[in-house]
Amino acid sequence: MAFYADKDYTEDQAVLDAMNAVMQGNLSLHWFDAHTEKIKGRPRDPRRGLVYQDLDIGSYGYTDIPESVRTSQSMAARGSEKWGKLPDMGYLVNRKSDVWSDNVAALYEESKARRWAPALDIPWTELDAHPLAPALEAACAQLYTFLQECAAVALDFPSRWVALINQEFIEQKSFMCAQMLDGARLLEAFRKRALYGGAGLGRANVAAEQGLKEWLWADEFPRGSLAINLALGGFLLALYRHIAAFAPTRTDRAIMGFAMQDAARHAAYGAGALRYHLAHQPEERAELNAWLDGEEHVILALLGSPELIEPLIIISGGGLEAAQVRAGCEAALKFIRLVAREYFERLEAAGLGGRVSRSRLSAIVSRVSI
Amino acid sequence: MAVRFPSTEYFTALKERMAAEQARFRRLGFIDTTFGITVAGNGEPRNFILSFEVFELADVREVDAIDAASVDFVIAGDAAVWREMIDNIRRNGEADTHHDINTLTHFGEALKISYADPEGHDKLYRFMESIQEFFDLTSQVEVSF
Amino acid sequence: MGYLATKDYFEDRDFVDKWLYTIRTGELDLSWMKAATEKVKPHAENPRRGLIYRDIDLGAYGYSNLPEKVRRNRSFAPRGAELPEGLPDAQPWVSRKSELWAHNTDGYYEEAVTRQWNATTDIPWERLEGVELPEATGKALSQLMTFLTEVEMIATDTPAMWLPRLNPEFIEVRAFIAAQAMDEARHAEVFRKRALTTGHGLMKASPMNEMALKHLRDADSFSEMSVALHLVAEGNVLTLFRFSEFLSPTDVDKRIFRLVMQDEARHVGYGMQHFKWVLEHFPQKREVLHSHLDEAENISFASGAATELTESFIVLAGGGLKQENIAQGVKITTAFQLKQMHEHFERLDKCGMPERKSGDRSRLWNMFEMGKAAAAEAGIKF
């Protein structure tokens, strides 16, 4: 399944003649008067630098990308002059409303501006100064084992799709690259934390992984984005916030502070993309509702797995004493309700309202009690 | 000289210190959000709108009421909760885990978050490190209540 | 169409009941606490460097102990975790270490994370205010930038599409690839932004280059992709960046090229180390690598043959369109092209493939030899 260039250039006489002509100083200059728009982009706000939004101009801008991209299947940059025999890159996603979100250029710029490095930005030695009790450390190690699984999936999703998305959507594809680095960085931070405390990694999470693979392997980008960016992104955002609120160490608080920033961007893109998608393809509303009816069980797979909920209870309560476990269960209950509430809120705001009454998730969450 | 909390003078004092520590806030990245702060207590609540742009607090003003649709989110709570947070920051140099914005707002029990659009709500978390460091600047300010 | 989990968890009565019971009663199962995993206690070898992947290269968790064939795990479970029954198959295509490993992969990744720069704020765009380049220079620069955005696009998509095909046990390689995807997106961004600040906009696409570069995207194996992308294409581009920095008409352009070449050098470093690893651990693959190089060098030659790139480089190098400018530009471009080929073969030599420096093995070597001879005649040194 390999592609070979349409000629062996070292043996093509026409190519060699053209090269020799140029290297003799006979320039064709066929490119000199390219038929492209002449612009001189400048930063609108010098404090911010030159952002993609400053270059949303004319044929170069993303605002004017048509809904259906039919005239470009190559690597050529949006707005450049296309000529000659350009390759077909086999993009499968060519509709703007299948990938676009009005906030994506800003989110890409934000992701670069808000970068961090786990090796240096996390106060690892705090764990040496204030080691945790064994049960609490074991709970942290198990939780961070689970979080590595989630990060691996979050890393895979943009990677699976980026080469299949038309290059006209460069800002959105760039954001996906930023998501890949976010995923790699979060996995790194979670792995380092899981191991640094000395408890070793925990047990992999069958229910979570089965569910996450189902989401990851969604057969269309809008569905996959809804699942991974909006639903998983929102779930992880709530989880990072929760762990930060009950963080047993400054190390954990620091990790979760950065993690929640990354996750919030993913959730924001997911919600924005769903909004854009439904605004331009309203007929998809019924399809997506039907699809979610079958997919929301994955949220339960995440919330309900003992490899997540038990460590969460222990961390929230601070230990294994009866009173601590009880406090942890109360916190876990609030967390579960928060996850469900915010999930439905995001869907509603994006144009997929009315799920609360329809969803099996709300029914099951209402059964959780102490 | 002490600034009173809550007041625009308090937030302006933080704004000035934020401007003086630009390198730190640049390192954290862009912060682009407008949010409200409501401090309830005896009598009418006091409402403030803070507008952050790029790396700084661009504007702070007191208003009679906050229109949720005009801000990304509102953080509201009793004066006693805000005071405890401020005291904690001044004592420790920064908020500890029990008193940072994320913890206090997490279940909406100490401080409550309200918002018209979940995307606005998400901005609290997208810029959390900057927002927390902004409030942590209180450690450099004399505050009276 | 898509994967379905082995259960619909809403309908798994046992799963639901256990969950509800746990929260209601606080009776925790805690079997995960008995996970049969290794206990290690890492520490940061160099506190100034912080805690790096090398510090957790310990026991079953480390990359040093990764076997050649990963048989143990095909799920998303992190390396070293306990693997209960029922984990899904992530369907990786690559589960063989020598297919993707490189010495210092972890180091390249850590370096990438700490050396991320921002095309928006780390380039002094404001210094372009009032700068008016002569028309020929400005257009040549824009044309070069246009070409570079195309190249960087393929350099983003190509490693990214391989990432989910790599067994999740290869954490450090996947991390490096993710960082590379971000590096390349940043490069595409900075070149696009520069083109759109010249006043000339983007110029013409480069069909010959695009046709040739598609091979990178559609490589049959990770190794083939890495040879073509990291070692050959990025090696060429690294030389191009160095020359472009030298020729930059403004200090803004110099800064752009200095920053992109840092990233590029890292990618080439990985490519070289991977090539070496394959040759050392997989000697029977030598001929396979030669055949990868045959096509990769064809791509390399195409970039020299794409006149919209070569001519713009000549104009930029010579500083204009007059006869004397072009003559000077041809000299510098000749030197650059020879340097590219020289460095390419030097890399292969250093990686353990000196026999590539032969007309019997490489058509590009023949072109290089002919080019050197012609340059010597013309008094051009490289």
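Letters A, B, ... mirror the listed sequences (proteins, then strands); counts begin at 1. Quick caveat: nothing in here was measured; it's all calculated off a predicted structure.
A donor-acceptor distance shorter than 3.5 angstrom exists from the side chain of R42(A) to the backbone of L128(C), with no hydrogens or angles considered. A donor-acceptor contact shorter than 3.5 Å links the side chain of E209(A) to the backbone of A77(C). Judged by distance alone, with hydrogens and angles left aside, the side-chain atoms of Q210(A) form a donor-acceptor pair with the main-chain N or O of G86(C) at under 3.5 Å. Under a 3.5 Å cut-off, the side chain of K204(C) and the backbone N or O of W31(A) do not form any donor-acceptor pair. Looking only at distances, a side-chain donor or acceptor of E310(A) sits under 3.5 Å from a matching main-chain atom of L30(C). The backbone N or O of Y52(A) sits nowhere less than 3.5 Å from a side-chain atom of R192(C) that would complete a donor-acceptor pair. A donor-acceptor pair is defined here as one N or O able to donate and one able to accept, closer than 3.5 Å; no such pair exists between the side chain of E311(C) and the backbone of L27(A). Using modelled atom types, no side-chain atom of E210(C) and backbone atom of L86(A) make a donor-acceptor pair closer than 3.5 Å. Between the side chain of Y61(C) and the backbone N or O of L201(A), at least one donor-acceptor pair lies under 3.5 Å. A donor-acceptor contact shorter than 3.5 Å links the side chain of K41(C) to the backbone of Y196(A).
Contacts between T146(C) and chain A at a heavy-atom distance below 4.5 Å involve the side chain alone, from C-beta outward. Only the side chain of D128(A) comes within contact range of chain C, judged by heavy atoms closer than 4.5 Å. Neither the backbone nor the side chain of W161(A) has a heavy atom closer than 4.5 Å to any heavy atom of chain C. At a 4.5 Å heavy-atom cutoff, the contact between Y108(A) and chain C is made by side-chain atoms alone. Only the backbone of K7(A) comes within less than 4.5 Å of a heavy atom in chain C; its side chain stays farther off. At a 4.5 Å heavy-atom cutoff, the contact between E129(C) and chain A is made by backbone and side-chain atoms alike. No part of K34(C) comes within reach of chain A, as not one of its non-hydrogen atoms sits under 4.5 angstrom from that chain. Using a 4.5 Å cut-off between heavy atoms, I57(A) makes no contact with chain C at all. Neither the backbone nor the side chain of I122(A) comes within contact range of chain C; no heavy atoms are under 4.5 Å apart. Interface remark: A332(A) contributes no atoms to any contact with chain C (heavy atom separation under 4.5 Å). Contacts of I299(A) with chain C are absent, with no heavy-atom separation under 4.5 Å from either backbone or side chain. For a residue to count as touching a neighbouring chain, one of its non-hydrogen atoms must lie under 4.5 Å from one of that chain's; by this rule W83(A) touches chain C with backbone and side chain alike. Heavy atoms of L58(C) lying under 4.5 Å from chain A are absent altogether. Heavy atoms of A374(C) lying under 4.5 Å from chain A are absent altogether. In this structure, the portion of I314(A) lying under 4.5 Å from any heavy atom of chain C is its side chain and not its backbone. Of the atoms belonging to I23(C), heavy atoms from both backbone and side chain fall under 4.5 Å from chain A. Both the backbone and the side chain of A113(A) come within contact range of chain C, each with at least one heavy atom under 4.5 Å from a heavy atom of that chain. Looking at E85(C), only its backbone comes within 4.5 Å of chain A, counting heavy atoms on both sides.
Within the 4.5 Å cutoff, no side-chain heavy atoms of Q143(C) are placed close to those of F32(A). No side-chain heavy atom of L196(C) sits less than 4.5 Å from a side-chain heavy atom of L50(A). Y9(A) places a side-chain heavy atom less than 4.5 Å from the side chain of M211(C). The side-chain heavy atoms of W32(C) and T145(A), taken from C-beta on, include no pair separated by under 4.5 Å. In this structure the side chain of D12(C) never reaches within 4.5 angstrom of the side chain of H297(A), judged on heavy atoms. Within the 4.5 Å cutoff, the side chain of M367(C) has heavy atoms near those of the L16(A) side chain.
Remark: the T120(C) side chain and the K112(A) side chain contain an N/O donor-acceptor pair separated by less than 3.5 Å.
Listed by chain and residue number, R79(C) satisfy the salt bridge (charged side-chain N to carboxylate O under 4.0 Å, His left out) test with E172(C) (two or more places apart in sequence, or in another chain). With sequence neighbours excluded, the residues forming a salt bridge (charged side-chain N to carboxylate O under 4.0 Å, His left out) with D156(A) are R174(C), listed by chain and number.
Ionic pairing of K173(A) and D157(C) is present here: one or more N-O contacts between side-chain nitrogen and carboxylate oxygen are shorter than 4.0 angstrom. Note on K213(A) versus D89(C): no salt bridge recorded, every NZ/NE/NH1/NH2 to OD/OE distance being 4.0 Å or above. E11(C) has a carboxylate O that lies under 4.0 Å from a charged side-chain N of R360(A), or vice versa, which qualifies the two as a salt bridge.
Figure legend: K192(A) and Y53(C) shown as a cation-pi pair, the cationic atom lying under 6.0 angstrom from the six-membered ring centre and within 45 degrees of its axis.
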